[in-house]
Amino acid sequence: MKDNKIMYKISQGMYVLTTKGGGCIVDAVSQISGGDNPLVAVAVMKKNYTNELMKSGDRFALSVIGLNNDPHVIKTFGFQSMRDADKFAQCETTGVDVKIVKDSLGYMLCEKIDAIDNDTHTLFIGRVVDGDIFADGEPMTYAYYQAHKDELLKTKTEQGKTAWVCTICGYVYYGDELPQDYACPICGVDATLFAKR
């Protein structure tokens, strides 16, 4: 492929996919049938911990990210793993077994009815059994996210202190020097992916 950024032009929404025990950011979501309880499909990377949870679970939710929602939601669910961090402790949620992100436009709660494996992702199909709107607003698209990623994920640091910022998740380490063997406590990347600010 001459330029894989062409894939950014397939612009879908940005969602927080949650299931029992975890969740992640997804953009490949489609409605595939209509009616009172429509079917939706969501693709989840196989290497993602949420994929494992989705395979063993029977329900999932999609919280719709809006343009005016806090970008912290994207950082929390997009740049760390539930293997290493409790994402639900970092964002306000509602729901019992399947958590729903409150700082969203609303949600769709689904019963999983099928899972189809392909080379890099699993396509999960669910029947929408509940849903609600929390706020009126414009949904964030994947194209918008790609165009404004630096602004959305900007990290604030304390003035007068040397800060080392993880370029993956935005975690900030304060100190004159960053230890060479340092690993980000949030996303696990090594010191080479930190930038001095």
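Given the structure is predicted, the values throughout are model-derived calculations rather than measurements. All residue numbers in this chain count up from 1 along the given sequence.
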Could you work out, with side-chain contact (heavy atoms from CB on, under 4.5 Å) as the rule, every residue matching [X], not counting sequence neighbours?
{"X": "Ala183", "value": "none"}
{"X": "Asp181", "value": "Pro179"}
{"X": "Asn68", "value": "none"}
{"X": "Ala147", "value": "none"}

At their closest point, which heavy atom of [X] faces which heavy atom of [Y], and how far apart are they?
{"X": "Gly22", "Y": "Thr50", "result": "C-OG1, 4.4 Å"}
{"X": "Val73", "Y": "Ile25", "result": "O-CD1, 4.2 Å"}
{"X": "Ala61", "Y": "Ile100", "result": "CB-CG1, 4.0 Å"}
{"X": "Lys87", "Y": "Met82", "result": "N-SD, 3.2 Å"}
{"X": "Gln180", "Y": "Ala191", "result": "O-CB, 3.7 Å"}
{"X": "Gly35", "Y": "Pro38", "result": "O-CD, 3.4 Å"}

Supply the atom-to-atom distance [X] [atom1] to [Y] [atom2], rounded to the nearest 0.5 angstrom.
{"X": "Leu123", "Y": "Ile32", "atom1": "CG", "atom2": "CD1", "result": "7.0 Å"}
{"X": "Ile65", "Y": "Tyr145", "atom1": "CD1", "atom2": "OH", "result": "9.5 Å"}
{"X": "Tyr173", "Y": "Thr162", "atom1": "OH", "atom2": "OG1", "result": "11.0 Å"}
{"X": "Leu39", "Y": "Arg127", "atom1": "CG", "atom2": "CZ", "result": "4.5 Å"}
{"X": "Cys91", "Y": "Phe77", "atom1": "SG", "atom2": "CZ", "result": "5.0 Å"}
{"X": "Met14", "Y": "Leu152", "atom1": "CE", "atom2": "CG", "result": "8.5 Å"}

Treat each ILVMFWY residue as a node, draw an edge where side-chain heavy atoms are under 4.5 Å apart, and state whether Phe134 and Leu109 are in one component.
yes
[X] vs [Y] side-chain heavy atoms within contact, under 4.5 Å:
{"X": "His72", "Y": "Gln90", "answer": "yes"}
{"X": "Ile125", "Y": "Ile116", "answer": "yes"}
{"X": "Met45", "Y": "Asn51", "answer": "no"}

Hey, could you give me each pair passing salt bridge (charged side-chain N to carboxylate O under 4.0 Å, His left out) that has a residue in [range]? Not counting sequence neighbours.
{"range": "residues 91-115", "result": "Glu92-Lys102"}
{"range": "residues 34-56", "result": "Glu52-Arg83, Lys55-Asp117"}
{"range": "residues 129-147", "result": "none"}

Does Ile133 CD1 have over 12 foreign heavy atoms under 6.0 Å away?
no
I'd like to know whether CG of Asp86 has more than 12 heavy-atom contacts from other residues, nucleotides or ligands below 6.0 angstrom.
yes
Mind checking side chain to side chain donor-acceptor pair (under 3.5 Å) for Asp27 and listing every partner two or more places apart, or none if nothing turns up?
none
Can you list everything that forms a ring-ring contact (aromatic ring centres under 6.0 Å, His included) with [X]? Sequence neighbours excluded, please.
{"X": "Phe194", "value": "Tyr182"}
{"X": "Tyr49", "value": "none"}
{"X": "His148", "value": "Tyr144"}

Which Ile, Leu, Val, Met, Phe, Trp or Tyr residues join Leu17 in one cluster when any pair of side-chain heavy atoms under 4.5 Å counts as a link?
Tyr15, Val26, Val29, Val40, Val42, Val44, Met54, Phe60, Leu62, Val64, Leu105, Met108, Phe124, Val128
